[in-house]
Student: 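The structure's right below; bear with me while I get my questions together.
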Amino acid sequence: MERKDAPLLGIESSCDETAAAILAADGTILAERVLSQIADHAAFGGVVPEIAARAHLAALNALVRDALHEAGLCFADLGAIAATAGPGLIGGLLVGTGYAKGAAIAAGLPYLAINHLEAHALTARLPGLAATQPAFPYLLLLLSGGHSQCVAVEGVGRYRLLGTSLDDAVGEAFDKSAKVLGLPYPGGPALEALAREGDATAIALPRPLLRREGCDFSFSGLKTAVAQAVAAAPPGALARPLAANIAASFQAAVTDILADRLTHALALLPGANAIVVAGGVAANTAIRAHLGAVAAAHDLPLIAPPQRLCTDNAVMVAWAGLERRAHGLLDDLAAPCRPRWPLAELAR
Ligand code: KG4
Ligand code: ZN
């Protein structure tokens with residue numbers, strides 16, 4: 001039975017984090033759990049889909065039970081169950097949505113199939129996260145391992161794509177550049193840490209599409225330039241000071257590109273009430289600081305969720321579930337998983 005005042009369970013399993021969270025109907029976080037699979041994939045230098053799916057399957061039930069225990073609830077106390085249904089790796093999506101549907105049937109609860117990108121997009125509206133909850137429309141800069149997008153967030157389920165990556169996503173550029181620098185997977189946080197030791201002006205790197213019309217992104221040329229800078233280094237192990245200079249120069253190039261694209265995106269959404277950054281790369285301190293300056297120059301607040309809510313988590317899935325439930329947007333148990341699921345296709 002649907003009870004709109006009851007808490008909602010959210011499940012995330014689209015990539016390499018297994019996560020569960022329980023939010024009260026007003027958005028208060030009652031419990032949150034994230035289990036990273038980094039150790040399972042590290043030896044392969046990236047996420048292995050089959051290993052990810054099996055790890056989700058092994059971990060999910062205990063994780064949900066833990067979250068329920070922490071919240072002092074059982075399934076019968078919930079009002080709905082939401083799970084990421086895409087985009088992402090099909091094996092993990094099937095594990096998470098299959099679990100959610102099974103629990104929904106057993107407990108007689110409604111089910112919500114959540115778009116992972118919408119979950120990132122709406123996180124900034126989580127009560128208490130920003131000084132004031134951003135009103136629609138706002139500009140979303142989605143910066144993750146699979147996506148770089150400028151999105152006009154016009155309402156729950158209403159998204160307009162203003163610009164997107166023409167080649168590699170920004171997180172992918174971080175991960176691939178980190179790999180050629182010999183850093184461990186996942187590369188983004190490791191590269192950020194190394195960049196702190198380096199000189200951002202040491203290596204001249206390209207800034208593709210800078211000052212170009214619109215707000216599309218391109219990072220593959222920058223990634224190639226990093227590989228060339230590493231290849232030009234003296235033979236043998238890359239000296240740490242040089243690696244740090246390359247990392248710092250790469251991060252500065254990315255930051256310049258993002259600031260430029262953000263400025264162009266704002267021109268396409270003159271009524272924006274706020275700028276929101278989301279996705280794993282939004283956890284990067286240097287990038288957050290730089291984008292904050294751009295926002296201030298436009299007299300707009302920059303809302304960047306705390307780092308644990310930028311990278312993949314289930315709080316964002318549960319929150320998107322609450323927002324959708326408030327609009328009566330429940331899903332049928334026959335709702336499929338969608339490995340590819342662009343935000344624009346959520347239009348209602
Ligand atoms: O949103 P997310 O957790 O998963 C996807 O939906 O893709 O983003 C993961 C991406 C990875 O590419 C990772 O290297 C990057 O976010 N990332 C970072 C940082 N933390 C995570 N990139 C730069 N700096 C960071 N501190
Ligand atoms: Zn994500």
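Note that ligands are numbered from 1 as they come in the structure, with each ligand's atoms numbered from 1 the same way.
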Student: Any N or O of Gly171 that comes nearer than 3.5 Å to an N or O of ligand 1?
Tutor: yes
Student: Tell me whether Asp312 has any N or O atom under 3.5 angstrom from an N or O of ligand 1.
Tutor: yes
Student: Is Gln37 reaching over with its side chain to a backbone N or O of Glu17, donor-acceptor style, under 3.5 angstrom?
Tutor: no
Student: Just which atoms of ligand 1 are under 4.0 Å from any heavy atom in Gly146?
Tutor: 7 (O)
Student: Does Ser144 reach the main-chain N or O of Gly279 with its side chain, forming a donor-acceptor pair under 3.5 Å?
Tutor: no
Student: For ligand 1, find out whether one of its N or O atoms is nearer than 3.5 Å to an N or O atom of Thr311.
Tutor: no
Student: Using 30° and 60° as the class limits, which term best fits the ring planes of Tyr99 and Phe75: parallel, tilted or perpendicular?
Tutor: tilted
Student: Just distances here: any N/O of Asp175 and N/O of ligand 1 closer than 3.5 Å?
Tutor: yes
Student: Looking only at protein heavy atoms, which one is nearest to atom 24 (N) of ligand 1, and what is the separation?
Tutor: Asn284 ND2, 3.1 Å
Student: Which of the atoms of ligand 1 are close to His120, meaning less than 4.0 Å from one of its heavy atoms?
Tutor: 1 (O)
Student: What protein N/O/S atoms sit under 2.8 Å from the Zn ion (ligand 2), by chain and number?
Tutor: His116 NE2, His120 NE2, Asp312 OD1
Student: May I ask you to decide if Leu166's main-chain N or O and Asp216's side chain share a donor-acceptor pair within less than 3.5 Å?
Tutor: no
Student: Test of understanding: given a 4.0 Å heavy-atom threshold, classify the contact between His147 and ligand 1 as side chain, backbone, both, or neither.
Tutor: neither
Student: Return the residue, atom name and 0.1 Å-rounded distance of the protein heavy atom closest to atom 26 (N) of ligand 1.
Tutor: Glu192 OE1, 2.8 Å
Student: Ignoring hydrogens and geometry beyond distance, is a side-chain donor-acceptor pair present between Ser220 and Asp168 at under 3.5 Å?
Tutor: no
Student: Tell me whether ligand 1 is touched by Gln307 - counting only heavy atoms on the residue side and a distance under 4.0 Å.
Tutor: no
Student: Is a donor on one side and an acceptor on the other found under 3.5 Å between the side chain of His56 and the backbone of Ser13?
Tutor: yes
Student: Would you call Asp260-Arg211 a salt bridge at under 4.0 Å N-O?
Tutor: no
Student: Is it true that Tyr185 and Phe44 have ring centroids separated by less than 6.0 Å?
Tutor: no
Student: Between Glu172 and Lys223, does any NZ, NE, NH1 or NH2 come within less than 4.0 Å of an OD or OE carboxylate oxygen?
Tutor: no
Student: Assess the side chains of Glu12 and Ser14: does a donor N or O sit below 3.5 Å from an acceptor N or O?
Tutor: yes
Student: Using a 4.0 Å cut-off to any heavy atom of Gly279, which atoms of ligand 1 qualify?
Tutor: 1 (O)
Student: Looking only at heavy atoms of Pro189, does any of them come nearer than 4.0 Å to an atom of ligand 1?
Tutor: yes
Student: Given Gly188, Gly280, Ala282, identify the one with the heavy atom nearest to atom 20 (N) of ligand 1.
Tutor: Gly280
Student: How about Glu118 and Tyr159: does a side-chain donor come under 3.5 Å of a side-chain acceptor?
Tutor: yes
Student: In terms of the angle between their ring planes, are His120 and His116 parallel, tilted or perpendicular, with boundaries placed at 30° and 60°?
Tutor: perpendicular
Student: Testing the 3.5 Å rule here: is there a donor-acceptor pair between the side chains of Trp341 and Glu345?
Tutor: no
Student: Ignoring hydrogens, just give me the one of Gly88, Pro87, Gly145 whose non-hydrogen atom is nearest atom 7 (O) of ligand 1.
Tutor: Gly145
